[in-house]
Amino acid sequence: MKRLFLVLFLVIGFAVNGQAYPDRPISMIVPYNAGGSLDSMTRIVVEFMKQELDVPILINNRPGASGTIGAEAFLKAKDDGYTVLVFPTSSFITPVFQGRKAINTDEFKPVGGFIKSERILFGRTDAPYKTFQELISYARENPGKLKFGSGGSTDTAYVFKYILQKENLDINVTLFNGGAPAAAAIMGKHVDLIEGGNGSPGDVAAMAGKLIPLTILSDGKLSKYPDLKTPLDLGYEYASSVMFGFFLHASAPAEAAQALEKTLKKVLQNEKLLEKFAGRGVTPQFFTGDELQNSIEAGKKVAKLYEIIGE
Amino acid sequence: MTRLQISGGAIALLGVLIFFITPYQVNSIQSGAFPRIVSLCLIVFGVLVALTTEKSEKTNDDIKLFNPLLLCYLVLVFGTTLMIRKYGFYPAIIILLPSCLVLFGERNYKTITLFTIITTGMIYLIIDVLLGSGLP
Amino acid sequence: MTELLSNVMLGMDLLLQWEVLFAAAGGVVAGLMMGAVPGLSDIIAICLMVPFTFYLNPIAGIAMLMGLSKGANFGGAIPAILFNIPGTPQAVITAFDGYPLTKQGKAGKALKVALFASCIADGISDLILIFLAAPVAMAAIMIGPAEHASVVIFALVLISITSETGPVIGLASMLFGLLLSSVGADPLSGAPRLAFGSDELSSGINIVPMALGFFVVSEIIWQICLDKKKEAERVKLQLLEDQIDPSIEQKSKKNHSLSFSEFKRCIPAIGRGTLIGSSIGALPGIGTTVGAYLSYVATKKASKHPEDFGKGSIEGIAAAEAGNNACNGPNLIPLITLGIPGNLAAALILGAFTMQGLTPGPMFMEQQAPLLYALFIVLFFSNFFTLFFGILYTKLIRKMVSLPKNYIYSAVLVFALIGTYIVHNNTFELYFTLIFSVIGLLCRKGKIPMIPLLIAYILGSSLELKIRQTLDLHAYDFSVFLTKPISCVFLSFSVVVIVYTIYKKLKSKATATE
């Protein structure tokens, strides 16, 4: 009996020493509905991380209030590195545009990003303009005639509004609650311009030649549309920035952050994972915690537009 | 006063209430426009209901609103909600089920216990084991 | 046509793997079981099962979800018929005639009518999806924000004026629902509105906690109190009114079977329901509850025995279930042809598609034709699974009627609370259920019709969103609603209907007092 205990102790001892993090299941908070776009992408990545880390990873969907409910549930959890938040960086500033208090980003430690989503301005194929410059001159000649619908990204809509203000253009702007209704509206010719992410229904339609990409409204280039410039290249000071990443509590142990970052980097090079993403118009890519932080800062800059432009 | 007239009046009052609360609870004029317009319509239709009702209709499936049993159930659901938020689902269910049955007039304590255990077990099996989503 | 056939053949090849059929059948069974539990609607069922489809191959995974939504859609009718407690919001209408039949000891018959109606309507709507997808999709995108708003207004007006207690109170109840739906968040900007500083309230109250509180919890409390009162009064009618005489249940097998002549009587109702349901299903965002209700009303108007409706008419059940399930096929049309999900369930299925590396959209039909046709065939054949398992399952579950009511009620109460929690994994929403159960009790007491309120609540935020989008896009020029032909037609209809009904009502009152 004594010997058995000894063996047991040894085994447990080895387990503890051999693998510091993680030694028990990790819980991941996804602040959106199960089956949604962020959720489904996260599940693919998590599936591969599970195998790598060799512990179960439980996904906990906490949707509501544009991500705020999930972020708050995360902050309430223990800061031991076993509760991870999956969050798009743009969601940190969404409350600002709704006249609410911004989320305090100091409480989060960015671990690593896995997707950078670019927001693209799409126009109809039957429009007289085919490029962004032509759009601007057309809009100048026809004030109040064009209609723009945002595909669910408020910060990008504000970047577009800023461009309108700077160029002194009159285009009617509205918000759609997601990429899908915006795409439906432009295909039914109810609006002339929409804004949507890569991989959104609008982007899928553009890849099929049913819509024309006019410009990028966020801060990164896209290899599938090499001619498109970002607003920064075009001389506007603001560009939205969306990066999906993992976050820990600011006070979480550093080894947890390192282990997660290392694993994320490794799985994002996995061929099988990339295959799962093929055909969705989005390519996962590894971003360091610093790059994730930069994306947050870029977003905070865009948030100032709420003051500059107003409602 | 018929029942419908009282309902119509209550609805109209509610419309008045919301109409005056709205401006303090929104952060832009556009945001408040819809609730205000709807509450105005509600006032109009609430009054119309009170005006157009003909005669009171008798029904036999009716209960008193301040019925002790009804209030007991509301308190029970409220208590369960508080318990779920504080201690989690399973303890709350284990208390809710038997008290619900006792309130209903069930006095066979053997079946009550059995039923509680079986139901709780089934919920655990379906939600936690089969669907793997876990209740707090 | 030959192309279609060859695609169908290719699709068959993909389909004839046991894994796919097994997944579809499994989905149907899981859906039946979950849909039958009040609180677990088709949407929640899909949410819960999405993670599982990850382990299956793409077709099997999606087949499972489609089977699941079909099973859950019918499953919701079971508790509606047996206990007057709808398992899903759209099953509310089925309970109108289903529960009275159960009280007459004809639960088996009611369930069979519901099952046949839903499978036939669903099957036909799937055929519409398969053969008419492209033209229907073209028609659907003609509905822009302005047209959408007008169609919603028209639907709301129709539903309100046909309500049991009278048109005026119906309209008032509908407006009350609209007002409740505006609590929480501004649908356009997402800014908190009438949220009273609460973060939980600031994204609005989801339809599941609302419907559970409003219909299920309030119904249970109402029923319990009613039973108690009757018991106390020792009303002799009790047996006839509320409890099923065990001797009826045991002896007459005839009450549970459906004769051919009865089935034949339901065919027009099913046809009408299918037509109405499919048209409504093709429009994104209007919803199955509206389809079920409008089909019910239309059948009642056309029926030779309108007085039977609400007292246990099999035509009523057939119409409600057909109208509800016929939405399913066309609901997927915008998703598959344009990549645009028409409702929440379709959005979740889109998520499952993309998780499997498939992107529905304009090119999907051309690039992935064999796969798509495999899905269509699965979709169509799932109806046979629903029929098969439905018959078995209803036979089994029918016996539950004879269980003591108090046990059923207690268990349903627990499931309602769990269902509320599961939607967003948030215990705070239990308060919403509680608040809405109080509102539900007040409506029952005050004779305020509940259906207009529920449907207005479901459609309210999208109505406001569409109106404001239209105004945003047209520089706040209200005349746009009248200059667009489709929207103008629907709005004028609505106004005419309201004015005429109120005029008639006021006139009849004037003559009554004279």
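Every chain is numbered from 1 and lettered A, B, ... according to where its sequence line falls, protein lines coming before strand lines.
Within the 4.5 angstrom heavy-atom criterion, only side-chain atoms of L465(C), from C-beta onward, approach chain A. Neither the backbone nor the side chain of A185(C) comes within contact range of chain A; no heavy atoms are under 4.5 Å apart. Only the side chain of I69(A) comes within less than 4.5 Å of a heavy atom of chain C; its backbone N, CA, C and O stay farther away. With a threshold of 4.5 angstrom between heavy atoms, T68(A) approaches chain C through side-chain atoms but not through N, CA, C or O. Contact annotation for F176(A): both backbone and side-chain heavy atoms come within less than 4.5 Å of a heavy atom of chain C.
Looking only at side-chain heavy atoms (C-beta outward), F122(A) and E195(A) stay at 4.5 Å or farther from each other.
Side-chain polar atoms of Y138(A) and D192(A) form no donor-acceptor pair below 3.5 angstrom.
With hydrogens and angles ignored, the 3.5 Å screen pairs a side-chain donor or acceptor of T470(C) with a backbone N or O of A146(C).
Note: F160(A) and F148(A) have parallel aromatic rings, judged against thresholds of 30 and 60 degrees for the angle between ring planes.
Comparing N60(A), L175(A), T174(A) by heavy-atom pairs within less than 4.5 Å of chain C, the highest count is held by T174(A).
Aromatic pair F428(C)/Y431(C): ring centres closer than 6.0 Å.
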